[in-house]
Each structure stands twice: as structure tokens, then as C-alpha cells.
Amino acid sequence: MTVVRRNLPHSGIRAVFDRVAEIESSGRAVLNLGIGFPRWDETPPGIIDDVIDAVQKDDFNYIANRGLLELRAAISDDTVKRIGRRFDPETELVVTHGLVEGLAVCSLAFLGAGDEVIVHYPAWDHYTAVAELAGATPVPLNLKHADDFLIDPDHLASLITPRTKMLLLNSPNNPTGAVQPAETLKAIAGLSEKHGFLVLADDIYHEFVYHQEHVSIASFMKDSPLLLYANGFSKSYSMAGWRIGYVASAAPNSDALNRIHQYVVGCGTTFAHTGAAGLLRHPQRQGYIDRMRQVFAGRQTLWTSALAECDGVQLVRNSGAIYLFPRIEFQGMTGREFCYFMLEEHQVAMIPGDEFGAEYGRHVRISFGSDGATQQRAANIISEVLS
Ligand code: PLP
């Protein structure tokens, strides 16, 4: 007999990709606006050389559970520059198999039955799963389109109870693109300190902030043991397939994380860690990041202009990530119906809004992560359909 301990749902985002694969295997091309990956065909040559070098040296041994020390040291220096906090590479950093693993080990290490986790919705589907994985209860903080999907700290405060163990915070945000203002982040940091709950700050889109500076809540939590600072290489450096994320936190928390990580993943891939360390260590290799940000800012403008011309579309112009989350009125369809209509009839793939929270059934998520030609063609088709 199989005993299912946690009956987590299959990801509806993956269900769209499965259908895309079926359509493509029948010979029809799909314009994919579903993928949450900023595609950028330019890996700095130095990184590849470092990886090839490591491979040619037969550098295939296991590394420390926490990840290659050289990479942890480079990440530690990087966080000093970006968020003003140094994490000890020996005791305060765990490099994970992408941030997907990082979020899951945070759940298993810190949450349990009876704990409440505040999740601001719309949220990436992993967030609900992260709370439920360890048997905790997600408490929804439903953000409104009318408020530009920004958090009201008083609303957040009203949800705090003695059981509140953690807040999952994602800015710039998947799926809305919202970037929470500095004063909001400061107020949230104050609530964490007052009530003693952990803040899991997922900054994975930190380089994708347009027309303003990125501010992390981490800069308001200085030496706080309540901060779990989560980030990775998938988005900001366009290195999703390398599977490198990390969680930085005070030593006792980091030790708790590492204990779970050692049984789930063991350690990362030696030569991938070598390449990532080389990227952080050589600022001249990071020039592509600014070019990438400019191109993605242009794509965001392309979409906001195209959608502004369409009937039945309400769009908040947010300033970050690689997503738009419009509300769409089209022939009485829900967002889910509209997505599948566009996929089946026009071969344009988007993600239904209700994948990010039940309240958002009229929305769809558009990713502008794929190449520019795909974006332009898809924008033309959607404009034609909606006009
Ligand atoms: N956090 C957010 C908000 C994401 O959107 C994603 C990926 O889509 C991740 C974390 C995890 O990324 P990865 O496992 O590739 O590091």
C-alpha cells in the first residue's frame, strides 16, 4: 500500500508546457510566452573556459555539502556589495540545486504542522507548496490589481498571529512584475522583528528592475537571524540549467538548512560551481547583464504598448521581473479558457492566472523571457485577436 504523506498538486504551469510539447510534436510551432526563463544567448566565454578546464582536469569529486567554497566566498562578497551584509562562507551559506531546492529545504527545516506562513498572492505556485510541504498552513495576503499588486503593511500586520512562523516575500515578483517600495520593505522588516517571524526573501529577479534601483528587504534586516536570504543564478544571470541557487542566513539557521540539504541533494555539481564562481569573481564577465536588462526593459515596453491598444485588457505597468499579469475580458472567457483558446487556436502559450491564486481567474501571465522575434509575433497575434 502506498502512503501519501503530502498530496501536493502537479504544477499547472508544467501542464501548459506538456501541451506545448504535444502540439510541437504534431508539427505546429508554438510561440511560448509561458516560460519563466530570461533567454539570453550570450554566456561570457571565460565561464565556459573555466568549466572546460575543470572538466579536463577530471575535477569530478564530491564537494562540500554547502557547495564549492570558492563559490560560497564569491557569493559572500557579492551580497556585501548588493545588500550590505556579509554571510560567512563557512557557516552561513548553502548553495542549493536551484532555488527550487533552496525553498523546499527552508520549508522542511523551519516549518511544521500548526505553523502559519504568510504568502502574498498572486504567487508563484511553488510558494503554496513550500508551506504545505512541511504541513504548515499558507495564510493568503491577496494583493489587488487596483493597488498595483503592492503590499499594504497594515493588511499584512492584520494577518499575523502567534502561529505566524514565516513570510514568503518575492520582489521583483513572479507573476506580477511588482517591485515593492523601500518603505514597504522597511515596514515589513519592522513587523518581522516585532513579532519574531522569519522572512524568506526571494530576490531571484534582482537584476530585472527597470527604471529604478532594486532594494532588498535584506538591507533593512541587517544582522537579523530572522532573514533567510534566497537568490540564485537562473534568472539574473540567465543560467537556469546550471541549477545554482543559494540561501544565506545566520549560522544556526544555515546549519539547520544544511542538515536537510545533505540528505536531499548531498552537494552540487563541481564544475558548474567553478563556472559560477568565475562569473562572480570577474566583473568584466558581467557586462551582458546590463545589456540584457535594457533589452528586457524594451520588451516590457513592447508589451505594455501592444496591450494598451487592445480591448478588454487592464494592465498594471510594474517595474520588474520578466512578466506581465493583465486582466483580460474576451467573449466571457476566464483567463484559463483564454489561455487554452490561444494555445489551441493560435499556438500562443500563456499561463492561466488562477495558477497563481484562486482570486486571479480573470488574469493571464505573459512572460517576455523568450527571444524578441517570438515576443513581437505573439504580441501581433494577441492584438489582432483582442481588437
Ligand atoms: N523563485 C521564483 C520567484 C521563481 O520564479 C523561480 C523560478 O521560476 C525560482 C525561485 C526558482 O528558480 P531556480 O530553481 O531555477 O533557481
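Just follow the structure's listing: the first ligand is 1, and inside any ligand the first atom is 1. Bear in mind that the values here come from a model prediction, so they are computed numbers and not experimental data. Computed from heavy atoms alone, side chains included, the values below leave out hydrogens, waters and symmetry copies.
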- Is the Phe60 ring parallel, tilted or perpendicular to the Phe271 ring (thresholds 30°, 60°)? perpendicular
- Identify whether the distance between the nearest side-chain nitrogen and carboxylate oxygen of Arg66 and Glu90 falls below 4.0 Å. no
- Message: One thing to verify: whether Asp77 and Lys81 come together as a salt bridge, which I'm taking to mean a side-chain N less than 4.0 angstrom from a carboxylate O.
- Response: no
- Query: Applying a heavy-atom distance cut-off of 4.0 Å, which protein residues contact ligand 1?
  - Reply: Gly98, Leu99, Val100, Trp124, Asn170, Asn174, Asp202, Ile204, Tyr205, Ser234, Lys235, Arg243
- Task: Would you please name every residue forming a ring pair (Phe, Tyr, Trp, His ring centres under 6.0 Å) with His346, sequence neighbours left out?
- Result: Phe341
Acceptor/donor pairs from residues 99-108 side chains to any protein atom, 3.5 angstrom cut, sequence neighbours excluded:
| unit_1 | atom_1 | unit_2 | atom_2 | d |
| --- | --- | --- | --- | --- |
| Glu101 | OE1 | His97 | N | 2.7 |
| Glu101 | OE1 | His261 | ND1 | 3.2 |
| Glu101 | OE2 | His261 | ND1 | 2.8 |
| Ser107 | OG | Val130 | O | 2.5 |

- Message: Applying ring pair (Phe, Tyr, Trp, His ring centres under 6.0 Å), can you list everything that pairs with Tyr229, at least two apart in sequence or on another chain?
- Response: none
